[in-house]
Amino acid sequence: MPYSLEPSYDDDPRLRELVVRLRAYLNDELLPYERERGITPESRVDRPTLEHVWKRSRELGFYGISLPPELGGQGIGFTELCALKEELTASGAALSHSVLGDMGGPLRVGAIVKYATADQLERYLMPVVRGERACCFSITEEDAGSDVRRMRTTATPDGDSYVLDGHKVFSSAAPFADFAIVVARMAGTEEAYSAFLVDLDTPGCRVLDGEVPMSGQQMEGDLVFENCRIPAENLLGEIGQGLRIGIGRITLNRLLHCPSLIGAARRAWDLSVAHAKSRVAFGQPLLALQAVQHKLADMATEVYAARSMVMATAARADRGENIAVEANMCKLFASEACFRVADQAVQIHGKAGLTRGHEVEQIFRTLRMFRIVTGTTEIHKNAIVKALV
């Protein structure tokens, strides 16, 4: 059948059924829910609103869908997960990040289940899977981003407790999370890092409003620890495993960010086609101009190329192959290509595309971020060359 930017997945009946149901939920329920409440990507969303989405998404089988059945999921593979994540951002829904559990939900805890004790699984992780609690992951500091070993937050053993001191930044979902997975340097060491489960209402722990990124989304916070005492049983994994827990998820995260970028670029393309058809200039629709047609062709080609890379790499991950190099390549190419799509979309929209609050302008700002977020373009290039040369 002819190529379409909106995949039908006719060759995969299970995935096709999931995508059809997800599109129906987004278009028939979530988007109307957001419109009724005036929710935009830049809204500060309260916990009850998010819980409504978590609960309904769980009822429909989407919340935590990638988790294994024994943890309440459906055990879908990375290829299927990428397809669903693309659909979420392609819909334009502001709360799309909460449907599968990306923001503070099951997708945050799925990678760390193997490090948790039975008690930690029952008290912390399973409530997240059920949509009863939310968590954030906290590793970044003001001077410890890509160079994470510069972190200054410390954990000091003290009897049957650990005492945390330090300041974490850019903790996504912190404003509404119940607990954090915190990576800290063991006090008195140079290269020993450990991970801890920290209830955010623990004395000595404060959650501050984080800086608002250029996307305008208010989903990040800072965590400040001042003589924050947590029980020893809240150590996640073993002493010294903190970076393995924190960074070990980065390769897959870099791959799994890509379909969200592709979906946003697809949304920008859809909006541009609609605008080019309806906007009349010099007596004809913009779409009649060859210059505009060429822009749309370039945009569609960028989306196709990015999606092809990502889905091929996801298929390799499903086969259990090492995708460290390919994940960096995907994030490098997808972030740059999708931003180019957004840039062309702004150009096609003209002044409307420059107007604060216009959907294309918001997509532009969001996609610009991802040339830096979860690894800069330059970091990805360094990693690729280091692995290949």
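None of the values given here were measured: they were computed from a predicted structure.
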Student: In this structure, are over 12 heavy atoms from other groups packed under 6.0 Å from E211 atom CD?
Tutor: no

Student: L200 pairs by side chain to side chain contact (heavy atoms under 4.5 Å, CB included) with which of C135, S171, C205?
Tutor: C205

Student: Taking C-beta and beyond as the side chain, do L100 and S66 meet within less than 4.5 Å on heavy atoms?
Tutor: no

Student: Between T89 and A264, what is the shortest heavy-atom contact and its length?
Tutor: OG1-N, 3.4 Å

Student: Examine distances only and state if a side-chain atom of K331 and a backbone atom of G375 form a donor-acceptor pair shorter than 3.5 Å.
Tutor: yes

Student: For the pair R229 (side chain) and P203 (backbone), establish whether a donor and an acceptor sit closer than 3.5 Å, ignoring hydrogens and angles.
Tutor: no

Student: Quick one: do F364 and M214 end up in the same hydrophobic cluster if we chain Ile, Leu, Val, Met, Phe, Trp and Tyr together by side-chain heavy atoms under 4.5 Å apart?
Tutor: yes

Student: When hydrophobic residues are tied together by side-chain contacts of less than 4.5 Å, even through go-betweens, does L81 share a cluster with M309?
Tutor: no

Student: Under 4.0 Å between a side-chain nitrogen and a carboxylate oxygen: does that hold for R356 and E42?
Tutor: yes

Student: Is the ring pair Y33/H52 parallel, tilted or perpendicular, if the boundaries are 30 and 60 degrees?
Tutor: parallel

Student: Decide yes or no for E359 and P41: does some side-chain heavy atom of the first lie under 4.5 Å from some side-chain heavy atom of the second?
Tutor: no

Student: If you look at every heavy atom in E141 and T153, which pair is closest and at what distance?
Tutor: OE2-OG1, 2.7 Å

Student: In sequence, state the C-alpha distance, the side-chain angles, and the governing distance for R133 and D199, and then conclude on salt bridge (charged side-chain N to carboxylate O under 4.0 Å, His left out).
Tutor: CA-CA 11 Å; R133 302 190 80 190; D199 291 294; 3.1 Å; yes

Student: Under a 4.5 Å cut-off applied to non-hydrogen side-chain atoms, are I348 and M299 in contact?
Tutor: yes

Student: With a 4.0 Å cut-off, would you call D178 and R47 a salt bridge?
Tutor: yes

Student: If you draw a 6.0 Å radius around CD in E238, do more than 12 non-hydrogen atoms from other residues or ligands fall strictly inside?
Tutor: no

Student: Any chance you could measure D222, atom CG, to T140, atom OG1, to the nearest 0.5 Å?
Tutor: 10.5 Å

Student: Is a salt bridge present between R365 and E361, judged by a nitrogen-to-oxygen distance below 4.0 Å?
Tutor: yes

Student: Is there a path of hydrophobic side-chain contacts, each under 4.5 Å between heavy atoms of I, L, V, M, F, W or Y residues, that connects L107 with L15?
Tutor: yes

Student: I'd like to know if the side chain of E80 reaches the main chain of G77, judged simply by a donor and an acceptor atom lying under 3.5 Å from each other, with no hydrogens or angles considered.
Tutor: yes

Student: Using modelled atom types and a 3.5 Å cut-off, is there a donor and acceptor pairing between side-chain atoms of S43 and backbone atoms of V45?
Tutor: no

Student: Between the side chains of E378 and K381, is the shortest nitrogen-to-carboxylate-oxygen separation below 4.0 Å, so that they form an ion pair?
Tutor: no

Student: So which atom in S98 and which in S57 form the shortest heavy-atom distance, rounded to 0.1 Å?
Tutor: O-OG, 4.3 Å

Student: When hydrophobic residues are tied together by side-chain contacts of less than 4.5 Å, even through go-betweens, does V341 share a cluster with Y3?
Tutor: yes

Student: Students often mix this up, so state it plainly: with edges at 30° and 60°, are the rings of W54 and F176 parallel, tilted or perpendicular?
Tutor: tilted

Student: Does a sphere of radius 6.0 Å around CD in Q347 hold more than 12 heavy atoms from other residues, nucleotides or ligands, not counting ones at 6.0 Å or beyond?
Tutor: no

Student: Between L88 and L22, is the side-chain contact (heavy atoms from CB on, under 4.5 Å) condition met? List the steps.
Tutor: CA-CA 8 Å; L88 289 170; L22 180 59; 4.0 Å; yes

Student: With a cut-off of 6.0 Å (strictly less than), are more than 12 heavy atoms of other residues, nucleotides or ligands near CG of D28?
Tutor: yes

Student: Please check if atom CD in Q290 has more than 12 non-hydrogen atoms from other residues, nucleotides or ligands closer than 6.0 Å.
Tutor: no

Student: Classify the ring geometry of H349 against H358: parallel below 30°, tilted from 30° to 60°, perpendicular beyond 60°.
Tutor: perpendicular

Student: Checking the side chain of Q362 only, and the main-chain atoms of S215 only, is there a donor and an acceptor separated by less than 3.5 Å?
Tutor: yes

Student: Among R16, R23, R307, which one satisfies salt bridge (Lys or Arg N to Asp or Glu O under 4.0 Å) with E87?
Tutor: R23

Student: Please test L289 against Q284 for side-chain contact (heavy atoms from CB on, under 4.5 Å), starting from the C-alpha separation and ending with a verdict.
Tutor: CA-CA 8 Å; L289 300 175; Q284 60 182 347; 3.3 Å; yes

Student: So, does R14 use its side chain to make a donor-acceptor pair with the main chain of I76 at under 3.5 Å?
Tutor: no

Student: For the residue pair N328 and K386, establish whether any side-chain heavy-atom pair is separated by less than 4.5 Å.
Tutor: no

Student: Between S172 (side chain) and E220 (backbone), is there a donor-acceptor pair under 3.5 Å?
Tutor: no

Student: Identify the residue among Y162, Y115, F179, F137 that makes a ring pair (Phe, Tyr, Trp, His ring centres under 6.0 Å) with F196.
Tutor: Y162

Student: Between V183 and K168, what is the shortest heavy-atom contact and its length?
Tutor: O-NZ, 2.7 Å

Student: When rounded to the nearest 0.5 angstrom, what is the spacing between CG in L235 and OG in S194?
Tutor: 5.5 Å

Student: Restricting to non-hydrogen atoms, name the atom on G104 and the atom on V128 that form the minimum distance, rounded to 0.1 Å.
Tutor: O-CG1, 3.9 Å

Student: Test your reading of the model: is there a side-chain donor-acceptor pair from R150 to the backbone of D143, 3.5 Å cut-off?
Tutor: yes

Student: Are L125 and I112 close enough, and set up right, to give a side-chain contact (heavy atoms from CB on, under 4.5 Å), and what steps lead you there?
Tutor: CA-CA 9 Å; L125 305 189; I112 65 169; 4.1 Å; yes

Student: Under 4.5 Å between any side-chain heavy atoms of P231 and D160, yes or no?
Tutor: no

Student: How many angstroms lie between CG in L95 and OG1 in T49, if you round to the nearest 0.5 Å?
Tutor: 7.5 Å

Student: Using side-chain heavy atoms (C-beta onward) and a distance below 4.5 Å, is I363 in contact with L271?
Tutor: yes

Student: Just how far is it from atom CZ of R152 to atom NE2 of H167, taken to the nearest 0.5 Å?
Tutor: 12.5 Å

Student: Quick one: do K55 and E51 satisfy salt bridge (charged side-chain N to carboxylate O under 4.0 Å, His left out)? Show the steps, please.
Tutor: CA-CA 6 Å; K55 180 180 178 180; E51 288 180 344; over 6 Å; no

Student: Quick one, I65 with L18, criterion side-chain contact (heavy atoms from CB on, under 4.5 Å). Give me CA distance, side-chain angles, the key distance, then yes/no.
Tutor: CA-CA 10 Å; I65 192 172; L18 285 173; 3.9 Å; yes

Student: Regarding E233 and T117, do their side chains bring together a donor and an acceptor under 3.5 Å, going by distance alone?
Tutor: no

Student: Inspect the contact between R37 and D46 and indicate whether a charged nitrogen and a carboxylate oxygen are less than 4.0 angstrom apart.
Tutor: no

Student: How long is the span from the CG atom in L255 to the SG atom in C82, to the nearest 0.5 Å?
Tutor: 4.5 Å

Student: To the nearest 0.5 Å, what is the distance between SG (C136) and CG (L223)?
Tutor: 5.0 Å

Student: Hey, are Y124 and N234 close enough side-chain-wise for a donor-acceptor pair under 3.5 Å?
Tutor: yes

Student: Any side-chain heavy atom of K277 within less than 4.5 Å of one from P285?
Tutor: no

Student: Please find the pair of heavy atoms, one from Q344 and one from D298, that lie closest to each other, and give the distance.
Tutor: NE2-OD2, 4.3 Å

Student: Any heavy-atom pair between the side chains of F339 and M369 that's under 4.5 Å?
Tutor: no

Student: Keeping the roles fixed (side chain from Q293, backbone from L287), state whether a donor-acceptor pair exists under 3.5 Å.
Tutor: yes

Student: Are the side chain of R254 and the backbone N or O of T374 linked by a donor-acceptor pair below 3.5 Å?
Tutor: yes

